[in-house]
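Have a look at the structure below before the remarks.
To find a chain, count down the sequence lines: A is the first, B the second, and so on, and within it residues start at 1. What's counted below: heavy atoms across the whole structure, side chains too, no hydrogens, waters or symmetry copies.
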Amino acid sequence: MSDSAPHCQFEILARDPGSHARCGRLRTAHGPVDTPVFMPVGTQAAVKAMTPAELQEADVGMILANTYHLHVRPGEEIVAAGGGLHRFMGWSGPILTDSGGFQVFSLAGLRKIRDDGVEFSSHVDGRRLFLGPREAMAIQARLGADVVMAFDECPPYPCDHEYACNAVRRTLQWAAVCAKAPRPPGQALFGIVQGGSYADLRRQCAAGLVEQGFDGYAIGGVSVGEPPDVLLEAVAATAACLPPERPRYLMGVGMMGQILAAVEQGVDMFDCVMPTRLARHGAAFTHRGHYSVRNAVWRADQRPLEEGCGCYACRHFSRAYIRHMVNVGEMLGVRLLTMHNLFCYMQFMRAVRAAVAEGRFRQFKAAFEDGLAAAGTVY
RNA sequence: GGUGGGGUACCGAAGUGGUCAACCGGGGCAGACUGUAAAUCUGUUGGCUAUGCCUUCGGACGUUCGAAUCGUCCCCCCACCA
């Protein structure tokens, strides 16, 4: 076990009696975050289509940005010269940066994996780049996020045991390098558990990381195309091996139903492109699933995106109007949908926290699933 | 009035004797999206009692085994000349 003091304080405020669900508060250099928390994705130092003020209006607490993308453009030296990521992007709340490990997976074909890191061709101009644990930590130190992630290898799905085992081996080696790398004061470091769909590898990876000692632990390597039950099994197998007093972060998930299932297993943090990307693709979220506002049925519908919603888009505009904006390609449509979807997600997370705090999480989850069933939606 | 060019599906636009219900764009309709190479991508877009049939390529008549494609006449549009 590491004897260094944690760089972020995590306090558990309530535990659900009927499950592993818990409520907590993560204290970061840029303020506290109540958990379970959903972090909208702002890969390139912006949550697409939103200003920081609009994020605040939606009650967004913490956001995520990406090491690889910001290294490629504009370069961490530009961000550092702008006073660090918070000042650069005008966001004074907590930020987490992903290490770029996921891009090893998502940009497959442009890369070559070695034991000390990954050779990339930049997806922008094709120039050769090298990203390994040292590089990722150095970049993240200059970006200055509140929480940074260890550089990991995220294998694809499906992948065989041997491949996944190698990914775990490298992920553990790289994590050790990350843990020793210098960081700015107050910057927390999370390790990432890999292991694919193999419970034994998940346990092995978790144990190895816990031995090294991190401020928090992430469950990685999920939502890479695997079936929903495989995802949940990986979450359950991993969460059970993580120290209860440290925050747990399920990377890249997801849909509301998946978030509930993971909260039930004791997961505290989430991120996903779903609310923001689907907004740009014309979909509106509700507490009973999502629908496409482009569909002809909404042509003359004067109701808001979701009845009873208090977001700016719902207070001022009809589905018919937003459908029109989307169909004619006005950027306002994308902005209003993004606002709404984030508001909807944040409201959902508030409801989750309240349910856990009040010891009625199971009922809340059951009611949510009934609502989805009634709406005919399947996640 | 003359000469030349042109009228193809919701729009634009290929096609100039059979493999054409007709390439391709746009628009329309629907679907996908999970640590964002993503305001992107995919499917579909005449009708039907649907492995086949029916009605379509300005209109009518004709040539041909067979016509969006060839001929005659007519109707519209555009350019130039009077």
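- Using a 4.0 Å heavy-atom distance criterion, A:Ile192 is classed as a base contact.
- For the pair A:Phe102 CZ and B:A38 P, the interatomic distance rounds to 12 Å; values are reported in whole Å.
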Name the pairs: protein N/O against N/O of nucleotides 42-47 of chain B, kept only if under 3.5 Å.
none

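- For the pair A:Arg170 and A:Glu153, the salt-bridge criterion is met [side-chain N within less than 4.0 Å of a carboxylate O].
- Between the side chain of A:Thr276 and the base of B:U36 there is at least one donor-acceptor pair of N/O atoms closer than 3.5 Å.
- Between A:Ile259 atom CD1 and B:G35 atom P the separation is 11 Å, expressed in whole Å.
- In this structure, the CG atom of A:Leu96 is 9 Å from the C1' atom of B:G35, given to the nearest Å.
- Residue-level contact check: A:Glu226 touches neither bases nor backbone, having no heavy atom under 4.0 Å from any strand.
- At a threshold of 4.0 angstrom between heavy atoms, the contacts of A:Gly221 include nucleobase atoms, whether or not backbone atoms are also involved.
- Side-chain heavy-atom separations under 4.5 angstrom define the hydrophobic clusters, and A:Leu13 shares its cluster with no other residue.
- A salt bridge is defined here as a Lys NZ or Arg NE, NH1 or NH2 lying under 4.0 Å from an Asp or Glu carboxylate O, and A:Asp215 with A:Arg183 meets this definition.
- Distances were taken from every side-chain heavy atom of A:His123 (C-beta onward) to each of B:A37, B:A39, B:G35; the shortest belongs to B:A37.
- Between A:Arg114 and A:Glu119 there is a salt bridge, since a side-chain N of the basic residue sits under 4.0 Å from a carboxylate O of the acidic one.
- For the contact set between residues 138-164 of chain A and RNA chain B, defined by any heavy atom under 4.0 Å, the members are A:Asp152, A:Cys154.
- A salt bridge links A:Glu57 with A:Arg315: at least one charged nitrogen is closer than 4.0 Å to a carboxylate oxygen.
- By the ring pair (Phe, Tyr, Trp, His ring centres under 6.0 Å) test, A:His287 is found to be paired with no residue, residues two or more places apart in sequence or in another chain being considered.
- If you take CG of A:Asp125 and P of B:A37, they are 16 Å apart, rounded to a whole angstrom.
- Residue A:Asp98 is in base contact, counting any heavy-atom pair closer than 4.0 Å across all strands shown.
- The phosphate of B:G35 has neither OP1 nor OP2 within less than 4.0 Å of any side-chain N or O from A:Ser99.
- Taking atom CE on A:Met39 and atom C1' on B:U34, their separation rounds to 14 Å, with Å as the unit.
- Nucleotides B:G27 and B:C81, compared at atom P, are 39 Å apart to the nearest Å.
- A donor and an acceptor atom, one from each side chain of A:Asp146 and A:His86, are located under 3.5 Å apart.
- Within the 6.0 Å centre-distance limit, the rings of A:Phe348 and A:Phe368 are counted as a close aromatic pair.
- Under a 4.0 Å N-O distance rule, the pair A:Asp268/A:Arg248 does not qualify as a salt bridge.
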Heavy-atom protein contacts under 4.0 Å, nucleotides 25-33 of chain B, coded B base, S sugar-phosphate only, - none:
----SSBBB

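- Residue A:Met274 is grouped with residue A:Ile63 when hydrophobic side chains (ILVMFWY) are merged at heavy-atom distances under 4.5 angstrom, including chains of intermediate members.
- Of the N and O atoms on the side chains of A:Glu264 and A:Ser19, not one donor lies less than 3.5 Å from an acceptor on the other residue.
- Contacts between residues 43-53 of chain A and RNA chain B, defined by a heavy-atom separation below 4.0 Å, involve A:Thr43, A:Lys48, listed by number.
- Between the side chain of A:Trp298 and the main chain of A:Ser292, a donor-acceptor pair closer than 3.5 Å is present.
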